[in-house]
Amino acid sequence: MGGSCAQRRRAGRGQVLFLWLLPLFYSALCEPIRYSIPEELAKGSVVGNLAKDLGLNIFDVSARKLRVSAEKLHFNVDAQTGDLLVKDRIDREQICKERRRCELQLEAVVENPLNIFHIVVMIEDINDNAPQFPKDEIILEISESVNPGIGTILESAKDPDIGLNSLSKYQLGPNEYFSLVVKDNPDGDKYPELLLQKPLDRETQSTHHLVLTALDSGHPPRSGSIKIGIIVVDANDNPPVFSQDVYRVSLREDVPPGTSVLRVMATDQDEGINAEFTYSFLGVADKAQRVFYLDPNTGNIITHQSLDFEEVERYTMKVEVKDRGSLSTQCKIIIEVLDENDNSPEIIITSFSDQILEDSPYGMVVALFKTRDRDSGENAEVTCSLSRDGPFKIHSSSSNYYKLVTDGALDREQTPAYNLTITATDRGKPPLSSSTTVTLHIIDVNDNAPIFQQSAYLVHIPENNQPGASITQIRAWDPDLGPNGQVSYSIVASDLEPKALFSYVSVNAQSGVVFAQRAFDHEQLRDFELTLQARDQGLPVLSANVSLRVLVDDRNDNAPRVLYPTLGPDGSALFDTVPRAAQPGYLITKVVAVDADAGHNAWLSYHLLQATDPGLFNLGLRTGEVRTVRPLNDRDASRHRLLVTVRDGGQPPLSATATLLLIFADSLQEVLPDIADRPVPSDPQAELQFYLVVALALISVLFLLAVILAITLRLRQYSNPVARSCFGSVFCPKSGPVLPPNYSDGTLPYAYNMPVPRDQTNTEFNFLTSVDHCPSVQDILNKDSSSVLLASILPPSAEAEKNTFDQQAPPNTDWRFSQAQRPGTSGSQNGDETGTWPNNQFDTEMLQAMILASASEAADGSSTLGGGAGTMGLSARYGPQFTLQHVPDYRQNVYIPGSNATLTNAPGKRDGKAPAGGNGNKKKSGKKEKK
């Protein structure tokens with residue numbers, strides 16, 4: 001692995017003073033540590049135990065921060081073992097180009113105290129590159145006059161490896177015309193030459209195809225091949241010849257483009273066209289072809305681009321001269337580039353701490369840097385200086401390595417940062433320099449505690465909040481810098497239970513935002529207090545506390561709850577008794593309700609929603625007291641039901657209802673039987689809705705029937721002209737209005753619409769025909785209504801039957817209502833034929849309402865039927881003995897125009913027989929049956 005001066009160091013450990021002075025002169029006394037490794041070594045491979053070679057133990061590796069530094073760092077140090085490890089891919093051909101000796105310069109750096117050791121790693125070549133030709137195919141033109149034994153130099157293959165791994169031999173594919181000879185150049189390179197074995201005959205074979213293979217001596221060997229195409233031409237047996245085989249020239253790197261470098265010259269003993277030849281580069285790298293230009297006719301070489309000594313120190317090129325007969329000769333050109341002071345020094349910071357405590361001692365290392373100049377000689381000698389006065393200085397530690405150390409006391413309060421400019425100057429003519437600026441921040445010690453923006457915090461949060469909602473944000477400021485000024489927040493105390501604290505609230509340690517972990521309930525938790533702490537990250541840690549009081553605001557989320565009156569065990573409302581002699585303002589009872597909310601949300605108001613008699617009671621808006629408004633009279637019901645709603649003052653308001661059952665009685669014995677026999681009251685609202693639905697359905701059905709009837713009448717009227725003439729005569733404009741007779745014999749007025757025959761022998765019935773004139777209204781009114789009307793409308797052929805209409809027949813027994821035909825819901829009940837007034841509560845109430853309405857109409861003169869109060873205006877026409885059972889059912893006498901049938905509801909007519917109690921009206925009934 002190469003030697004190390006660490007062995008000499010261990011030999012002198014006996015003397016303590018020498019051990020302390022040895023690190024100061026170590027870099028000047030010791031030889032560099034040398035290692036040798038093959039290229040393409042795997043990452044993480046061990047180069048050597050650097051700590052052992054430096055005389056360090058395992059503890060010193062981490063304690064003294066052993067590390068390596070280089071321009072391009074290919075290695076690193078294992079902090080656990082002190083081994084020097086491969087960090088990146090190492091390609092010898094890429095790092096060292098064409099140099100046979102490839103070394104990497106490293107510096108090992110240790111601290112406490114700070115020392116630098118030089119390390120040289122030798123990179124050994126492996127056979128990782130195969131020989132390669134610059135082209136895939138070579139085309140040669142050979143004259144057929146060429147004698148056997150004449151050779152043609154071929155392009156050499158390139159192998160970037162060295163030693164045994166480099167190019168060693170060439171092989172030519174089997175053929176009968178050519179052989180291969182390998183020759184050496186003056187610089188030791190091998191090149192192939194193709195020799196002709198026997199004369200060529202273009203007429204026999206004009207082209208030849210060969211394969212040239214280049215091999216190296218590595219293990220395993222690698223090879224590369226190229227195709228050779230030979231074209232046989234005529235008569236050119238003398239190749240051009242250069243004046244010398246090798247041309248050497250030196251050239252300064254600062255020459256401008258277009259400068260002539262040299263001129264190669266060649267001669268050809270042939271004459272004429274075979275003596276004409278051209279120059280060209282042969283196997284020259286692309287870089288050289290871009291820098292230099294060769295004139296193909298004159299052989300003059302000039303610079304095409306600027307030269308750079310630091311990039312390429314020497315150019316080696318081959319020039320080929322070829323005549324028209326494809327005979328050629330090669331020569332080598334070597335151009336040495338001379339260095340000039342054209343590169344400024346570079347400053348490379350290898351270690352820099354941009355932050356330093358203000359209490360740092362004198363001589364503390366702030367930065368470690370080195371200088372590099374790509375020039376050579378005096379042009380590469382560099383000196384460094386600081387461009388500003390301050391408590392810092394530069395100390396030269398070794399060749400091209402420097403330390404930036406403190407040279408005075410630091411005060412962050414006066415100067416929190418320093419901008420230091422380091423200048424490096426070389427010794428060239430003229431001297432060149434470069435500078436770099438580093439910023440050094442002075443770090444304060446942790447001597448300031450965090451400060452809150454407020455001495456105490458008070459926040460409000462509405463109840464029923466979303467879990468995870470932000471309550472507030474607390475902020476504290478720390479004047480320190482860095483970690484000393486980074487504040488974190490936490491909860492250190494609270495009046496809540498410690499186990500349940502973090503289920504209620506939490507605080508973000510970085511932002512100071514306090515979050516609610518659950519939805520708060522004002523009725524359960526009205527407020528709580530937290531103690532929050534802000535602490536910095538310094539050493540020692542400093543902190544400050546602040547109190548946070550959280551008030552949970554109420555929302556209207558609880559409906560009022562009725563405490564009185566309460567419901568019975570079976571869920572029914574209880575009753576209260578009221579003396580019948582209660583005076584106005586008498587306190588009957590009091591509705592008591594509570595609301596779990598607070599403030600305006602718990603401000604209750606009482607409203608009377610429903611009452612049997614709203615004018616009898618008064619409900620206190622805020623007290624809920626139920627009082628009488630007036631004394632109870634005989635017409636007032638003894639039982640009353642009050643529905644009270646209780647609303648709160650929230651938005652939107654919430655409410656609850658209570659039912660009061662009040663009974664006016666003087667004693668409990670009077671109340672108990674009434675309560676026991678009283679059925680469960682039905683909901684009047686539900687009954688009202690039911691009757692409204694039934695009425696709407698009946699109206700819809702009647703409307704449809706009326707529409708159908710009107711359409712039928714219209715169709716019949718247009719289809720029967722006799723009917724039109726008959727009705728036209730009856731409603732003649734000369735006669736004026738015809739009033740129906742007024743009957744007062746105990747039944748409603750009725751009339752028969754009947755057709756009469758024109759001839760007694762004709763069984764076909766026709767409608768009545770018109771007469772010549774209509775009697776006047778006065779005549780109709782002054783005479784017997786029935787006789788005048790019949791006389792005016794009957795034809796002469798029907799005059800004989802006039803007597804049958806002179807007297808009004810008494811009503812038939814068919815006209816009386818049966819129990820099933822009487823109005824009201826009681827009509828569905830079975831009963832006797834004569835019937836009694838229904839005993840249904842609803843029908844009774846409806847009848848009472850009708851009687852009261854009739855009485856009101858009679859009182860104000862608006863009744864159209866006349867009569868006294870309570871008779872619905874019917875007693876004046878039909879007598880005081882009139883009852884609703886005498887009202888005929890109009891459904892029993894329905895006439896459909898255009899039809900020969902009259903619908904009837906009488907049992908006798910449904911059976912086709914005359915009624916029993918006809919009472920002299922048989923003829924009329926018979927005509928009705930015929931109709």
Side-chain angles (χ1 to χ4, degrees), residues 560 562-593 604-647 655-688 691 824 826 837-856 858-859 868-871:
V562 178
L563 301 180
Y564 183 84
T566 59
L567 298 178
D570 57 350
S572 61
L574 302 179
F575 68 92
D576 291 324
T577 59
V578 183
R580 294 182 179 275
Q583 296 301 317
Y586 176 80
L587 177 61
I588 299 174
T589 184
K590 182 176 181 179
V591 179
V592 180
L604 303 181
S605 62
Y606 301 84
H607 305 274
L608 188 60
L609 188 63
Q610 291 182 2
T612 306
D613 188 354
L616 184 58
F617 304 98
N618 180 34
L619 178 63
L621 179 63
R622 299 299 176 187
T623 63
E625 297 177 349
V626 180
R627 298 180 181 271
T628 57
V629 177
R630 58 178 176 80
L632 183 71
N633 54 37
D634 297 337
R635 293 178 298 177
D636 292 332
S638 61
R639 297 191 300 259
H640 293 271
R641 179 177 179 272
L642 278 67
L643 183 62
V644 178
T645 178
V646 184
R647 297 193 187 97
S655 62
T657 58
T659 302
L660 299 175
L661 298 180
L662 304 180
I663 298 178
F664 284 84
D666 293 331
S667 64
L668 184 60
Q669 291 77 11
E670 183 181 354
V671 174
L672 292 177
D674 192 24
I675 296 175
D677 298 338
R678 181 185 178 187
V680 178
S682 61
D683 189 0
Q685 190 71 18
E687 293 181 358
L688 179 59
Y691 289 122
S826 61
W837 189 256
N839 195 21
N840 183 277
Q841 179 184 357
F842 176 75
D843 295 339
T844 303
E845 292 174 355
M846 293 296 294
L847 179 59
Q848 291 176 357
M850 294 170 62
I851 293 173
L852 291 176
S854 177
S856 300
T871 62

Sidechain-backbone polar pair: [X] side chain, [Y] backbone, donor-acceptor under 3.5 Å:
X: Q583; Y: A581; answer: yes
X: T577; Y: A665; answer: no
X: S638; Y: F664; answer: no
X: R622; Y: L604; answer: yes
X: N618; Y: G585; answer: no

What's the spacing between [X] [atom1] and [Y] [atom2] if we round to 0.5 Å?
X: D634; Y: L632; atom1: CG; atom2: CG; answer: 8.0 Å
X: R627; Y: L619; atom1: CZ; atom2: CG; answer: 11.0 Å
X: T612; Y: L642; atom1: OG1; atom2: CG; answer: 6.5 Å
X: L608; Y: L621; atom1: CG; atom2: CG; answer: 12.0 Å

Atom of [X], atom of [Y] and distance for their closest heavy-atom approach:
X: V562; Y: A658; value: CG1-CB, 3.9 Å
X: P579; Y: Y586; value: CD-OH, 3.6 Å
X: R580; Y: D666; value: N-OD1, 3.2 Å
X: P631; Y: P584; value: CD-CG, 3.6 Å
X: H640; Y: D613; value: CE1-CB, 3.9 Å
X: A593; Y: V646; value: CB-CG1, 3.9 Å

Does the side chain of [X] reach to within under 4.5 Å of the side chain of [Y], using non-hydrogen atoms?
X: L660; Y: F617; answer: no
X: L643; Y: T659; answer: yes
X: Y606; Y: V626; answer: no

